[in-house]
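Heads up, the thing below is written out as structure tokens.
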Number of protein chains: 2
Amino acid sequence: MTGAVDEISETLETEIVEGILPPGTRLEEPALAERFGVSRTPVREALQRLSASGLVELKRRRGTQVLNPSIGRIVEMFEVMAELEAVCARLCARRASPELLATLHDWLERCEQAAESGDPSAYYDANRSFHLAIYKGSGNSFLAEQAELLHLRLTPFRRQQLRLPRRMRQSLTEHSAVVAAIEAGDGQAAETAQRDHILIQGERFGDFLAQFGARS
Amino acid sequence: MTGAVDEISETLETEIVEGILPPGTRLEEPALAERFGVSRTPVREALQRLSASGLVELKRRRGTQVLNPSIGRIVEMFEVMAELEAVCARLCARRASPELLATLHDWLERCEQAAESGDPSAYYDANRSFHLAIYKGSGNSFLAEQAELLHLRLTPFRRQQLRLPRRMRQSLTEHSAVVAAIEAGDGQAAETAQRDHILIQGERFGDFLAQFGARS
DNA sequence: ACTTGCCTTTGTGTATACACAACAGAAAAT
DNA sequence: ATTTTCTGTTGTGTATACACAAAGGCAAGT
């Protein structure tokens with residue numbers, strides 16, 4: 001089984017993304033090796049793979065730690081995410097098929113239900129599926145993969161946002177605007193709507209951090 | 001020295017990008033280990049790193065080989081590259097500084113010189129620098145890194161294009177239009193000009209391949 | 001008390017060895 | 001003659017061992 005490195009990297013990825021391993025956490029190979037009951041070799045490969053996804057940072061001779069980007073860096077990442085999603089939305093509008101529209105409406109509805117029942121976790125999942133549908137709906141699988149990867153990288157910094165008051169309902173309204181634009185075949189409108197939708201998240205992230213002292 | 005894995009990965013990266021190791025080439029660890037005079041361990045890490053850059057493909061239990069994407073895949077990658085560059089150009093126009101404009105004009109001139117002397121290699125280098133300047137000129141370092149990485153991944157499929165007749169002069173004209181738009185602060189014009197500039201490369205790639213039989 | 005140098009400890013970088021899966025070729029059976 | 005199976009070989013996956021760099025603590029000197 002090559003499953004060792006797969007299992008390790010997937011487990012660590014989940015724990016990083018879910019915040020169990022917060023940014024800055026040191027990942028020491030001997031400890032992980034003992035934890036997973038394997039030698040250091042597969043652990044190293046797993047860390048290398050996580051480094052490829054941009055989730056951890058490998059400093060030479062200084063060990064591995066969960067990536068702890070500066071605020072400016074995170075804002076930059078949200079900016080790129082916004083542009084990627086905008087492109088996806090534009091392509092969706094251009095190539096929209098009945099199936100895609102049905103899928104989008106479906107997830108939109110689930111988002112609505114989650115918002116009404118005030119369940120942030122359910123909303124988070126439905127929201128994620130909605131965005132993934134837009135990525136794939138672009139018709140460009142490479143673009144979809146890139147968007148999904150960046151989405152994953154930003155997850156640790158986005159999850160906390162839904163706890164902000166009224167964020168769910170506002171997000172829902174923005175989603176509706178995007179779907180409407182796609183349905184109308186208006187690429188420009190879909191692009192700007194989706195870009196703004198993501199950029200607001202970046203701004204909200206800034207607001208969120210402003211509540212505490214600024215990190216690095 | 002951690003230099004072993006660095007040296008190996010950089011050497012292989014160069015050889016892949018320059019076409020010395022064509023797409024599909026198998027990379028066997030024992031052979032590489034002997035070639036570089038090291039054990040398999042650093043070789044494996046180097047291959048893992050190249051896999052992260054998207055230059056090689058790691059199939060489980062089936063070895064490593066230089067990535068050999070399908071034509072459709074390459075077209076998709078060019079499409080994403082076009083969008084990334086378009087965003088960079090738009091941001092350049094918005095944030096253009098005198099220094100950036102000077103740099104762009106400088107590289108534009110070098111492109112011109114290379115085109116006049118009919119030196120594809122020199123043009124290639126100047127062209128690359130021109131595009132890198134636009135990436136960095138976006139003011140978003142994360143975006144610049146992503147664009148540079150994708151640019152690298154596409155290099156094996158772009159180098160051959162400059163041998164096509166009149167491509168250099170046409171490329172030059174397109175560059176001028178982009179710089180003019182940036183200088184005028186017209187983000188929309190810069191965006192579309194740069195996008196078209198890259199998309200043409202993608203189309204040219206299709207033309208190029210059409211001369212032979214289609215690969216996978 | 002503070003600084004500076006050495007030493008110990010910890011953790012990474014690399015090498016080597018073993019286990020096993022996958023491919024290739026040959027031999028045997030139909 | 002074709003197919004199937006067995007076996008040898010090749011190459012990857014993992015474990016273990018050693019080398020070395022870097023961080024931290026302690027002691028000695030100022």
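Atoms considered below: every heavy atom in the structure, side chains included; atoms not considered: hydrogens, waters and symmetry mates. Naming convention: chains lettered A, B, ... in sequence-line order (proteins, then strands); numbering from 1 in each chain.
The line from NE2 of A:H151 to CZ of A:R153 is 13.5 Å long, rounded to the nearest 0.5 Å.
If you check C:dT16, D:dT12, C:dC23 against the side chain of B:R62, the one that comes closest is C:dC23. Set against C:dT12, D:dT14, C:dA15, the side chain of B:P42 has C:dA15 as its closest nucleotide.
No donor-acceptor distance shorter than 3.5 angstrom exists from the side chain of A:S171 to the backbone of A:R167, with no hydrogens or angles considered. The closest donor-acceptor contact from the side chain of A:S9 to the backbone of A:V5 lies under 3.5 Å. Under the 3.5 Å distance criterion, the side-chain polar atoms of A:R158 are left unmatched by any main-chain donor or acceptor of A:L152. Without hydrogens or angle criteria, B:S53 side chain to B:L55 main chain gives no donor-acceptor distance under 3.5 Å. In this structure, A:R95 contributes its side chain and A:S138 its backbone to a donor-acceptor pair below 3.5 Å.
For A:H105 and A:H175, the distance between ring centers is not under 6.0 angstrom.
The nearest whole Å value for the distance from the CZ atom in B:R44 to the P atom in C:dT16 is 16 Å. As a whole-Å value, the separation of B:R40 CZ from D:dT14 P is 11 Å. Spacing between atom CD of A:E7 and atom P of D:dT14 amounts to 11 Å, rounded to whole angstrom units. One atom, NZ of B:K59, and another, C1' of D:dG13, lie 18 Å apart when rounded to the nearest Å. Between B:R60 atom CZ and C:dA22 atom C1' the separation is 13 Å, expressed in whole Å. The distance between atom CZ of B:F36 and atom P of C:dT14, rounded to the nearest whole Å, is 13 Å.
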For nucleotides 9-11 of chain C, list the nitrogen or oxygen atoms of the protein found under 3.5 Å from its nitrogen or oxygen atoms, one pair per line.
from, atom 1, to, atom 2, distance (Å)
C:dG11, OP1, A:E28, OE1, 2.7
C:dG11, OP1, A:E28, OE2, 3.1

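Salt-bridge annotation for A:R110 and A:D125: absent, with no side-chain N of the basic residue lying under 4.0 Å from a carboxylate O of the acidic one.
Every residue two or more places apart in sequence or in another chain that forms a salt bridge (Lys or Arg N to Asp or Glu O under 4.0 Å) with A:R73 is listed here: B:E145.
Over its full length, the helix from C:dA1-D:dT30 to C:dT30-D:dA1 turns its helical axis through 10°, comparing axes from the five pairs at each end and rounding to 10°.
As judged by a 4.0 angstrom heavy-atom cut-off over every strand, B:L32 is placed among residues making no nucleic acid contact. Counting any heavy atom pair closer than 4.0 Å across all strands shown, A:L58 reaches no nucleic acid atom.
Between B:S39 and C:dA15, a side-chain N or O to OP1/OP2 separation shorter than 4.0 Å is present.
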